[in-house]
Amino acid sequence: ESGCHVHSGNQRVLGVLDVTMSLAEVDREVARSRGYTLMLSLLGILTISLLLWAFFHRLVGRPVARLLVATNAVATGDLAHRIPVTRNDELGQLATSFNEMTVRLAEARHQIYQSNKLASLGRLAAGIVSEHGGVVEVNSKVGQGTTFTIRLPLNGAAPSGDPSAS
């Protein structure tokens, strides 16, 4: 009887079975499983990446693209261009602010246009008054407005109300 490393010396061993088996098939199956797992992992990462891209494109990309189109329209002078406001987040606030800005710009442009028309009329009137030796009288009262009176002389005579006529 020889001693066994598993059994104590006083225990009797009836026999030993030594089994030798190739693990090549198991190793191939493990390698195949690793490849399959890697492929599924990469496919999952790609799918999640595409979903995230689509999500952010819809939530951020499209609104920013609409804002870009709108700013280009305003840059070319189209102050009537508006961005549809469909959200209540920061991009929706930006669209609202952009729309309000274009309204104010259109109002300012209209005021400048009106001021230029009045200034042109004023220059025309001043030229006529100066050329004909006339005078412009301004009467302004708080709460009642301002009245401009242009007096031109008849046949080269000094206008009435002009102190130099006497």
Side-chain angles (χ1 to χ4, degrees), residues 1-128 136 138-148:
E1 288 181 28
S2 66
C4 181
H5 65 279
V6 176
H7 304 287
S8 64
N10 59 358
Q11 205 175 20
R12 189 170 161 196
V13 177
L14 295 175
V16 174
L17 177 64
D18 191 13
V19 177
T20 303
M21 174 178 177
S22 172
L23 296 177
E25 183 63 32
V26 173
D27 289 339
R28 279 192 297 275
E29 188 62 35
V30 167
R32 191 173 24 248
S33 292
R34 279 187 187 147
Y36 185 68
T37 302
L38 179 63
M39 183 183 68
L40 283 179
S41 297
L42 290 175
L43 185 62
I45 290 170
L46 180 64
T47 302
I48 290 171
S49 297
L50 287 174
L51 287 173
L52 285 174
W53 175 83
F55 179 72
F56 284 112
H57 177 70
R58 180 164 168 71
L59 288 180
V60 177
R62 284 184 190 170
V64 170
R66 281 194 296 265
L67 182 62
L68 201 60
V69 167
T71 56
N72 287 333
V74 169
T76 62
D78 180 10
L79 296 179
H81 191 89
R82 298 291 179 269
I83 300 174
V85 180
T86 58
R87 304 161 53 150
N88 291 326
D89 61 359
E90 290 84 2
L91 290 172
Q93 292 171 351
L94 185 60
T96 300
S97 178
F98 178 87
N99 292 339
E100 290 170 357
M101 178 192 69
T102 56
V103 166
R104 287 193 297 272
L105 283 172
E107 290 170 354
R109 179 170 35 177
H110 181 71
Q111 287 176 350
I112 290 170
Y113 176 73
Q114 291 298 98
S115 295
N116 284 340
K117 280 179 26 180
L118 288 174
S120 294
L121 182 61
R123 283 191 298 274
L124 177 66
I128 292 171
V136 177
V138 180
N139 185 6
S140 183
K141 295 182 182 175
V142 177
Q144 294 181 358
T146 303
T147 303
F148 295 89

Between [X] and [Y], is there a donor-acceptor pair closer than 3.5 Å when you use the side chain of the first and the backbone of the second?
X      : Y      : result
Asn72  : Leu68  : yes
Arg109 : Gly77  : yes
Ser115 : Gln111 : yes
Asn99  : Ile83  : yes

More than 12 non-hydrogen atoms from neighbouring residues, nucleotides or ligands closer than 6.0 Å to CG on Asn88, yes or no?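 Not more than 12 within 6.0 Å, no.
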
Crowded around Met39 CE? As in, over 12 foreign heavy atoms under 6.0 Å?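 Counting other residues, nucleotides and ligands, CE of Met39 exceeds 12 neighbours.
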
If every non-hydrogen atom of [X] is compared with every non-hydrogen atom of [Y], which pair is closest and at what distance?
X     : Y     : result
Val85 : Ala95 : CG2-CB, 3.9 Å
Pro63 : Arg58 : CD-O, 3.6 Å
Leu91 : Leu59 : CD1-O, 3.4 Å

Within the structure provided, determine whether [X] and [Y] are in side-chain contact (heavy-atom separation under 4.5 Å).
X      : Y     : answer
Thr102 : His81 : no
Val19  : Leu17 : yes
Ser49  : Ile45 : yes

Pair Arg34-Thr37, side chain to side chain donor-acceptor pair (under 3.5 Å): steps then yes or no: CA-CA 5 Å; Arg34 279 187 187 147; Thr37 302; over 6 Å; no

With rounding to the nearest 0.5 Å, note down the distance linking [atom1] in [X] to [atom2] in [Y].
X     : Y     : atom1 : atom2 : result
Thr71 : Arg66 : OG1   : CZ    : 13.5 Å
Leu94 : Phe98 : CG    : CZ    : 9.0 Å
Met21 : Leu23 : CE    : CG    : 6.5 Å
Leu67 : Arg62 : CG    : CZ    : 16.0 Å

I'd like to know whether Leu40 forms a side chain to side chain contact (heavy atoms under 4.5 Å, CB included) with Leu42, so could you lay out the CA-CA distance, the side-chain angles of the two residues, the decisive distance to 0.1 Å, and finally the verdict. CA-CA 5 Å; Leu40 283 179; Leu42 290 175; over 6 Å; no

One thing to verify: whether Glu107 and Arg104 come together as a salt bridge, which I'm taking to mean a side-chain N less than 4.0 angstrom from a carboxylate O.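 Salt bridge between Arg104 and Glu107, a charged N being under 4.0 Å from a carboxylate O: no.
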
Could you check whether the rings of Trp53 and His57 sit parallel, tilted or perpendicular, using 30° and 60° as the cut-offs?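 Parallel, since the angle between the ring planes stays under 30°.
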
I would like to know whether Thr147 and Val138 meet side chain to side chain contact (heavy atoms under 4.5 Å, CB included); could you show each step before the answer? CA-CA 6 Å; Thr147 303; Val138 180; over 6 Å; no

Trace of the side chain to side chain contact (heavy atoms under 4.5 Å, CB included) decision for Tyr36 with Leu38: CA-CA 5 Å; Tyr36 185 68; Leu38 179 63; over 6 Å; no

